[in-house]
Peer 1: 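Once you've had a glance at the structure underneath, I'll fire off some questions.
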Amino acid sequence: KISAILSKFALSEYLGDCDADIAFLSYRIGQACLELQEYPKAKYYLNKSDEIYKQVPGMSHPFYQKEFLPVLHRIQCNV
């Protein structure tokens, strides 16, 4: 139990209030809003996920470069 508590504390301290799961859900919601042409909502959710993804997994990660950035650029072109 103690190691689990310490692991959670260390992970929370490393990530701050952000979590990769929150980033993923925000990304998916942002994509859905983008497809529905709800650009202000899409921008909000994609920017929220961008703040997290820049840290975890990082800007040099293939997911960030190949999957996420094209969607983020799409919203910047539509707003």
Side-chain angles (χ1 to χ4, degrees):
K1 281 186 166 180
I2 294 173
S3 64
I5 293 169
L6 291 175
S7 294
K8 275 188 172 180
F9 178 77
L11 185 61
S12 174
E13 185 176 341
Y14 176 74
L15 295 176
D17 293 331
C18 302
D19 185 83
D21 291 334
I22 294 169
F24 178 73
L25 292 172
S26 295
Y27 170 62
R28 297 296 290 164
I29 293 170
Q31 283 182 309
C33 292
L34 186 59
E35 293 302 317
L36 295 171
Q37 298 180 354
E38 295 183 15
Y39 300 121
K41 287 182 183 179
K43 183 178 181 180
Y44 170 79
Y45 285 106
L46 291 172
N47 285 334
K48 183 175 181 176
S49 61
D50 184 41
E51 290 174 15
I52 299 168
Y53 280 145
K54 283 180 180 177
Q55 298 172 14
V56 178
M59 295 172 68
S60 61
H61 192 276
F63 168 78
Y64 187 84
Q65 293 292 319
K66 295 179 181 177
E67 300 283 329
F68 182 74
L69 278 182
V71 176
L72 187 64
H73 289 310
R74 215 174 127 199
I75 189 62
Q76 292 171 346
C77 293
N78 285 306
V79 174

Peer 1: Do other residues, nucleotides or ligands put more than 12 heavy atoms under 6.0 Å from the OH atom of Tyr45?
Peer 2: no
Peer 1: Taking the side chain as every heavy atom from C-beta outward, state whether Tyr39 and Gln37 have any pair of such atoms under 4.5 Å apart.
Peer 2: yes
Peer 1: May I ask whether Ile29 and Tyr27 are part of the same hydrophobic cluster, defined by side-chain heavy atoms of I, L, V, M, F, W, Y residues being less than 4.5 angstrom apart, directly or through others?
Peer 2: no
Peer 1: Can you get from Phe24 to Tyr44 by hopping between Ile, Leu, Val, Met, Phe, Trp and Tyr side chains that sit under 4.5 Å apart?
Peer 2: no
Peer 1: What are the two closest heavy atoms between Leu34 and Ala42, and how far apart are they?
Peer 2: N-CB, 3.6 Å
Peer 1: Applying side-chain contact (heavy atoms from CB on, under 4.5 Å), name anything that partners Glu38, two or more places apart in sequence or on another chain.
Peer 2: Cys33, Leu36, Lys41
Peer 1: What distance do Lys54 atom NZ and Phe68 atom CZ have between them, rounded to the nearest 0.5 Å?
Peer 2: 8.5 Å
Peer 1: If hydrophobic clusters are built from ILVMFWY residues whose side chains come within less than 4.5 Å, do Leu72 and Phe63 share one?
Peer 2: yes
Peer 1: Which pairs with one or both residues in residues 59-73 pass side chain to side chain donor-acceptor pair (under 3.5 Å), sequence neighbours excluded?
Peer 2: Asp50-Tyr64, His73-Gln76
Peer 1: Between the side chain of Ser26 and the main-chain N/O of Ala23, is any donor-acceptor distance below 3.5 Å?
Peer 2: no
Peer 1: So which atom in Val56 and which in Ala20 form the shortest heavy-atom distance, rounded to 0.1 Å?
Peer 2: CG1-CB, 4.2 Å
